[in-house]
Amino acid sequence: MIVLALDTAGVDCAAAIYDSGRNTMLGEASDMIGKGHAEHLMGIVDRALDQAGVALSDVDRLAVTIGPGSFTGIRVGVAAARGFALSLDIPAVGITTLEVMAAAQREKTPGRAVLAAMDAKREEIYLQSFAADGAALDEARAVSIAEAQAFAADFDGEITGSATPILKPDATGEYANSFPISIVARLGAAANPNTGKPKPLYLRGPDAKPQAGYAIARV
């Protein structure tokens, strides 16, 4: 199965072509742009396809990051994935950025549970925990810093994401949110294709207003 993966949830605009049958990344393209995903995404997709040596018509499935992350970027990526899926008559699946962060951490620390924690600003943290085998242990949610700290204190595993220093005061180094496109592709290949069209994941309530750089809207 040939998977086209898209990520516009953060500062990167990225696409990848993955052959799940051979477990091989055929092509990847990514630019750190910050903003302007709508203008750059099609060129990024073309670069990934050219590198892979495949045509868009060869793609069997779409995978796209659905958030939490950049409010505008997520909408761009989801719309593109749904458009490709409709025109090609193939399934599209949504992959959360928290899933991607946790999977990336498991590659570094195999055999360990992972708590994905993203600084959502406004005194909140986006949070979700995963077992060592990647299974979600709870739902993705936005919680207060105090709630996140209490949860993290009892969590037996690794913590990853931009909120790590908030939850783990002795953490050293930089903890930026990263959504490797190769991992998006692999998770997309393994995802259930019968879950319906991908849609943005918004973790805040109906009265929340979008804040620059974050996906904030109704549940």
Asn23 and Tyr18 side chains, donor-acceptor separation under 3.5 Å: yes
Sidechain-backbone polar pair: His40 side chain, Lys35 backbone, donor-acceptor under 3.5 Å: no
Leu41 with Ile90, same ILVMFWY side-chain cluster at under 4.5 Å: yes
Test item: Arg186 and Met25 side chains (from C-beta on) under 4.5 Å apart, heavy atoms: yes
Thr96 and Thr65, any side-chain heavy atoms less than 4.5 Å apart: no
side-chain hydrogen bond (donor to acceptor under 3.5 Å, both in side chains) partners for Asp19, two or more places apart: Arg22
Of all pairs that satisfy salt bridge (charged side-chain N to carboxylate O under 4.0 Å, His left out), the ones with a partner from residues 137-149, not counting sequence neighbours: Asp138-Arg141
Glu124: partners by side-chain hydrogen bond (donor to acceptor under 3.5 Å, both in side chains), with sequence neighbours left out: Arg204
Residues which pass side-chain hydrogen bond (donor to acceptor under 3.5 Å, both in side chains) with Arg82, listed by chain and number, not counting sequence neighbours: none
Side-chain (Asp31) to main-chain (Ile33) donor-acceptor, under 3.5 angstrom: no
Partner set under side-chain hydrogen bond (donor to acceptor under 3.5 Å, both in side chains) for Glu158, not counting sequence neighbours: Arg112
Donor-acceptor pair, side chain of Thr8 and main chain of Gly73, under 3.5 angstrom: yes
Salt bridge (charged side-chain N to carboxylate O under 4.0 Å, His left out) partners of Asp58, counting only residues at least two apart: none
